[in-house]
2 protein chains.
Amino acid sequence: MDAMISADATAGEAAYRQIRHDIIFGKLLPGARLKLERLREPYNASVSTLREILNRLASERLVLAEGQRGFEVAPVSQQHFKEVAAMRELLEGHAMRESFARGDVEWESNVLSAHHKLARLEQRMSAGDASATEEWKRYDREFHAALISACGSCELMAAHRQIFDHYLRYQIIAVIYRGDDASREHRQLLDAALARDHQAAANVLGRHIQACVEHTVRNGLLAA
Amino acid sequence: MDAMISADATAGEAAYRQIRHDIIFGKLLPGARLKLERLREPYNASVSTLREILNRLASERLVLAEGQRGFEVAPVSQQHFKEVAAMRELLEGHAMRESFARGDVEWESNVLSAHHKLARLEQRMSAGDASATEEWKRYDREFHAALISACGSCELMAAHRQIFDHYLRYQIIAVIYRGDDASREHRQLLDAALARDHQAAANVLGRHIQACVEHTVRNGLLAA
DNA sequence: TTACGAAAAATATCAGATATTATTGATTAC
DNA sequence: GTAATCAATAATATCTGATATTTTTCGTAA
């Protein structure tokens, strides 16, 4: 009886997660070529396994597979950021409406709990502890995931997860920090959720998302 | 100077397309296990190449990759069909609104032209020529793609393309035929597009999509 | 019938070989 | 000096075959 049946049973799965993480968190820069031989050592995987991984990431649009010229990290642009932001707003807004309409008490308490963890961390960060950015992003993702978790559609949640990670990548790359504002908006989302007010939630979400885009564009943090 | 730079330059790309096509068009049945050795011969690809392909398809959720138990064709269910349908309605509805607002004359004529090809084929099919199902589906896809082609978001169009193919798969599997109704609805979509009436288009699209779902559910064409 | 464990099948992963394609740099022509 | 040409180099796509694990299968014992 194997005590721990972690999801990343396979070895290649670990490398996949790592590479994906490194792209989203900017360790692998946009446009960087991904030579197979070079990746072998740092990710502990053979060329064949790496090719499988890069193919998966290409499907997710996190890497680019150009003909027979190998792979490279997906480039970034203002235009694309706007598209990703709009997509997130569409999916998450719709999912919240559904979720608010169906969520039961169990759901409510999950949202509450996810918000609590996030808020505590935001408190710490607001107080100057900037050490936990990755953890913060994880709780952020989990809070937003909790909000829509009662929407009743795996397909919708999967699509949201994917676009959320693209959005997150832009937040990281453009070094967007708007801690206190974000924190307030999270609080407002929580309140809207408990009040089942999807319209209010959509409004807050719109601000939450568009503020980042505007901040990035205004300060020219992305090429073109 | 190579005269033909077709997109499927690589050999594995051909196998990818073929397998994908075979899943969507029901040649590979839902739930069927995809043993690597068995696929080698029919798709002219080695195990390594096949693994790359199946990994890509797994990202697209057309195949299932369960831990170390290999791959299988993604299963189907009523619940999932409903989710896919709702997703298509959300994405396509939104994309049409954007597209109608931005499309220029070039766009209008593309829509018109795409509709013409589709309508001609529907005429033929309505007259009894059932030989061209795959061609019909292709024109159907191209018409809907044309409608949203001015939406201004590659991200949105990519997501739509993906969900559209899932939806198409259900249409094929459940052997849904509602030719004349569909044809009429396509006509209404064209009219709405030219009149830039996104609200009307959304209504028609809702019927267009939900009619298939209801037909399937009512006749119990899918397990569970 | 259920439980257990050994044999067989399949998978994940690797390494290395070949053919094809891109890239680079030097050479030549204008 | 710039542009075109072509050989040398590097990188990719793809295949074959090998090894270690993991599943599955199936017969035997409880």
Side-chain angles (χ1 to χ4, degrees), chain A residues 1-23 28-29 31-75, chain B residues 1-20 22-23 28-75:
Chain A
M1 53 194 87
D2 34 13
M4 20 142 301
I5 314 119
S6 67
D8 68 315
T10 79
E13 189 67 15
Y16 164 73
R17 276 204 230 290
Q18 190 62 49
I19 296 180
R20 190 171 193 280
H21 182 277
D22 287 351
I23 292 176
L28 291 169
L29 295 173
R33 293 197 93 290
L34 295 167
K35 301 253 176 73
L36 294 165
E37 286 296 340
R38 301 181 83 68
L39 299 180
R40 269 180 69 169
E41 198 250 316
Y43 294 105
N44 283 315
S46 71
V47 172
S48 342
T49 305
L50 283 169
R51 285 187 60 87
E52 289 179 21
I53 292 170
L54 294 181
N55 270 297
R56 283 170 70 178
L57 291 170
S59 272
E60 296 178 43
R61 304 157 67 72
L62 283 171
V63 325
L64 220 63
E66 312 173 85
Q68 26 253 99
R69 259 178 301 163
F71 303 89
E72 63 182 63
V73 180
Chain B
M1 54 195 82
D2 34 13
M4 21 141 299
I5 314 117
S6 68
D8 67 315
T10 78
E13 189 67 16
Y16 165 73
R17 277 204 229 289
Q18 191 61 50
I19 295 180
R20 190 170 193 282
D22 287 351
I23 292 176
L28 290 169
L29 296 173
R33 295 199 92 285
L34 294 166
K35 299 254 176 72
L36 295 165
E37 286 297 340
R38 301 180 82 68
L39 299 179
R40 270 181 71 167
E41 197 250 315
Y43 293 105
N44 282 316
S46 71
V47 172
S48 345
T49 306
L50 284 169
R51 285 187 58 87
E52 288 179 22
I53 292 169
L54 295 182
N55 270 296
R56 283 171 69 180
L57 292 170
S59 272
E60 297 177 43
R61 304 158 66 72
L62 282 171
V63 326
L64 220 62
E66 313 174 83
Q68 26 255 96
R69 257 177 301 163
F71 303 88
E72 63 182 62
V73 180

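By convention in this document, chain letters (A, B, ...) are assigned in the order of the sequence lines, proteins followed by strands, and residues within each chain are numbered from 1.
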For this session: Quick one: label Asn55(A) by what it contacts on the DNA or RNA (base, sugar-phosphate, nothing), any heavy atom closer than 4.0 Å.
Result: nothing
Problem set entry | Interatomic distance where CZ belongs to Arg56(A) and P belongs to dA12(C) [whole Å] | 11 Å
Exercise. For the pair made of CZ in Arg51(B) and C1' in dA10(C), what is the distance, rounded to whole Å?
Worked result: 11 Å
Exercise. So which heavy atom on Ser59(A) is nearest to which on Arg56(B), and how close?
Worked result: OG-O, 3.4 Å
Exercise. Which sits closer to the 5' end of DNA chain D, Arg33(B) or Ser46(B), going by the nucleotide each is nearest to?
Worked result: Ser46(B)
For this session: Write down the distance between CD (Glu13(B)) and P (dT14(D)), rounded to a whole number of angstrom.
Result: 9 Å
For this session: Please lay out, stage by stage, how Ile19(A) and Leu62(A) fare under the test side-chain contact (heavy atoms from CB on, under 4.5 Å).
Result: CA-CA 10 Å; Ile19(A) 296 180; Leu62(A) 283 171; over 6 Å; no
Exercise. Using 4.0 Å as the upper bound for N to carboxylate O, is an ion pair formed by Arg33(A) and Glu66(A)?
Worked result: no
Exercise. Ile53(B) and Ala15(B): which non-hydrogen atoms are nearest, and at how many Å?
Worked result: CD1-CB, 3.6 Å
Problem set entry | Nearest-Å distance for atom pair CD/P, residues Glu66(B) and dT23(D) | 11 Å
Exercise. Are Thr10(A) and dT13(C) close enough that a side-chain N or O sits under 4.0 Å from OP1 or OP2?
Worked result: yes
Problem set entry | Nearest listed nucleotide, side chain of Ala45(B), among dA10(C), dA13(D), dC15(D) | dC15(D)
For this session: Counting heavy atoms from C-beta on, name the nucleotide in dT12(D), dT23(C), dT23(D) closest to the side chain of Arg69(A).
Result: dT23(C)
For this session: Please report the closest heavy-atom contact between Val63(B) and Leu54(B), naming both atoms and the distance.
Result: CG2-O, 3.5 Å
For this session: For Ser48(B), answer base if it contacts any base atom (sugar-phosphate contacts may also be present), sugar-phosphate if it contacts only those atoms, and nothing otherwise; contact means non-hydrogen atoms under 4.0 Å.
Result: base
Exercise. When the distance from CG of Leu36(B) to P of dT11(C) is rounded to whole Å, what number comes out?
Worked result: 5 Å
For this session: Take atom CG of Leu50(A) and atom P of dA12(C), then tell me their distance rounded to the nearest Å.
Result: 16 Å
Exercise. Between dT14(D), dA12(C), dT11(C), which nucleotide has the shortest distance from any of its atoms to the side chain of Ala11(B)?
Worked result: dT14(D)
For this session: Using only side-chain N and O atoms of Thr49(B), determine if any of them is under 4.0 Å from OP1 or OP2 of dA13(D).
Result: no
For this session: Nearest whole angstrom, please: distance from the C1' of dA12(C) to the CD of Glu52(B).
Result: 14 Å
For this session: For Gln68(A) and dA19(C), give me the distance from atom CD to atom C1', rounded to whole Å.
Result: 12 Å
Problem set entry | Proximal nucleotide (of dA22(C), dA10(C), dT16(D)) relative to the Arg40(B) side chain | dT16(D)
